[in-house]
Amino acid sequence: AKSSKPKRGKGKSSKKKAKKVVKEVDILSPAAMLNAYYICHNAAACLEFRGFPWPGSPKKKGKKKSS
């Protein structure tokens, strides 16, 4: 049976916005190095993933939409 109540979105909604805590991350930590080992193909890719692209680097191509 369908109810006449309007549908609400999932999740909690609050009127107050919580302050986002920015935590300093060590990119040379063992966990970060292990992650880089699996996702980077070379040193340049590792630096780019960590947010240090070099000038003139080729841009990554996005996934093509199949429609």
For residues 20-37, which side-chain donor-acceptor pairs fall under 3.5 Å, sequence neighbours excluded?
residue : atom : partner : partner atom : Å
D26     : OD1  : L28     : N            : 3.1
S29     : OG   : D26     : O            : 3.2
S29     : OG   : A32     : N            : 3.3

- CH2-CG distance between W54 and L47, expressed to the nearest 0.5 angstrom: 8.5 Å
- Looking at CZ of R50 and SG of C40, how far apart are the two atoms once the value is rounded to the nearest 0.5 Å? 6.0 Å
